[in-house]
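Counting starts at 1 for both ligands and their atoms, following the listed order. Heavy-atom basis, side chains included; hydrogens, waters and symmetry copies ignored. Position 1 is the first residue of the sequence, and the numbers go up from there.
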Amino acid sequence: MTMTEDLFTQPHLADKHRRQTDPILQLENINVSFDGFKALTNLSLNIGVGELRCVIGPNGAGKTTLMDVITGKTKPQSGRVFYDQRTDLTKLDPVRIAQSGIGRKFQKPTVFEALTVFENLEIAQKTNKSVWACLRAKMNSEQRDRIDEMLGTLRLAAERHRLAGLLSHGQKQFLEIGMLLVQEPHLLLLDEPAAGMTDAETEYTAELFKQLAGKHSLMVVEHDMGFVETIADHVTVLHQGQVLAEGSLREVQANEQVIDVYLGR
Ligand SMILES: Nc1ncnc2c1ncn2[C@@H]1O[C@H](COP(=O)(O)OP(=O)(O)OP(=O)(O)O)[C@@H](O)[C@H]1O
């Protein structure tokens, strides 16, 4: 049995008997340098099952590099990344990492503009499938129901037959979040999901993420402090490739160093 199948034969990570304090992700002493420039230095970070973690920090702090390490796009020079307490992601390629239940949304929406909203979700549902998920994928009506449910969740039910290219920026962002969710990820990495959204869309994104937490674990990189304030129960502040502070938003906002390097006085 492969490691990926192994992961999927377990009860779902969000099952009631899994404790929220169990880590879904443990980064240990990660070092990444680019031509001698240290993008991440001895970075250690834990995220609990079902947690909604916000990662903030100034430009160049290493937030994108952190996500690249988790998804296998960048291999660290040293350090380990444990997923579900036993799989070291630094040993897996990006495809295997995605198949093991880690979904990532980049800042710019990347939907198939020439396909309808429904077709986009249908395609997403068929990609990145593990053996386990392919077996399940035979249940076609169930798949269809899942997409219908997703359209409702995304507030895109009225747009199902519309070409994705004709959606507003915010709607495209929602569609892309939906494309991740139909793949039933355990851990979602989201890079500035609220960027370019209207206030109403940002508000709904916050509501959606709060609903997703618990069932999924989420790591959200965001600059919009208003948004962070609405969703975060735990915040990590990165600075120069290291964790500068961690705690509730209130705690990190009161941290002198955080004020100096990021929030301003
Ligand atoms: N492939 C690369 N080659 C060289 N330097 C890189 C590479 N990727 C990132 N860096 C550098 O590493 C540092 C961290 O970059 P990173 O993109 O992770 O920061 P960030 O916190 O995501 O910033 P932002 O908020 O601007 O997106 C930056 O100084 C960046 O220039």
Which residue, Ile70, Thr64, Leu66, forms the side-chain contact (heavy atoms from CB on, under 4.5 Å) with Asp68?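 In the set Ile70, Thr64, Leu66, the residue that makes a side-chain contact (heavy atoms from CB on, under 4.5 Å) with Asp68 is Thr64.
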
If you measure from the Lys or Arg side-chain nitrogens to the Asp or Glu carboxylate oxygens, is any gap between Lys210 and Glu207 under 4.0 Å?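 Between Glu207 and Lys210 there is no salt bridge, as every charged N stays at least 4.0 Å from the carboxylate O atoms.
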
Short side-chain to backbone donor-acceptor contact, [X] and [Y], under 3.5 Å:
| X | Y | value |
| --- | --- | --- |
| Glu192 | His223 | no |
| Thr230 | Gly226 | yes |
| His239 | Val258 | no |

Residue by residue, ordered by chain and number, which ones reach under 4.0 Å of ligand 1 with a heavy atom?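 The answer is Phe34, Phe37, Ala39, Pro58, Asn59, Gly60, Ala61, Gly62, Lys63, Thr64, Thr65, His223, counting any residue whose heavy atom sits under 4.0 Å from ligand 1.
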
Whether Arg155 engages the ring of Phe174 as a cation-pi pair (distance to the six-membered ring centre under 6.0 angstrom, angle to the ring normal within 45°) should be assessed.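 Judged by the rule (NZ or CZ under 6.0 Å from the ring centre, within 45° of its axis), Arg155 is not positioned above Phe174.
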
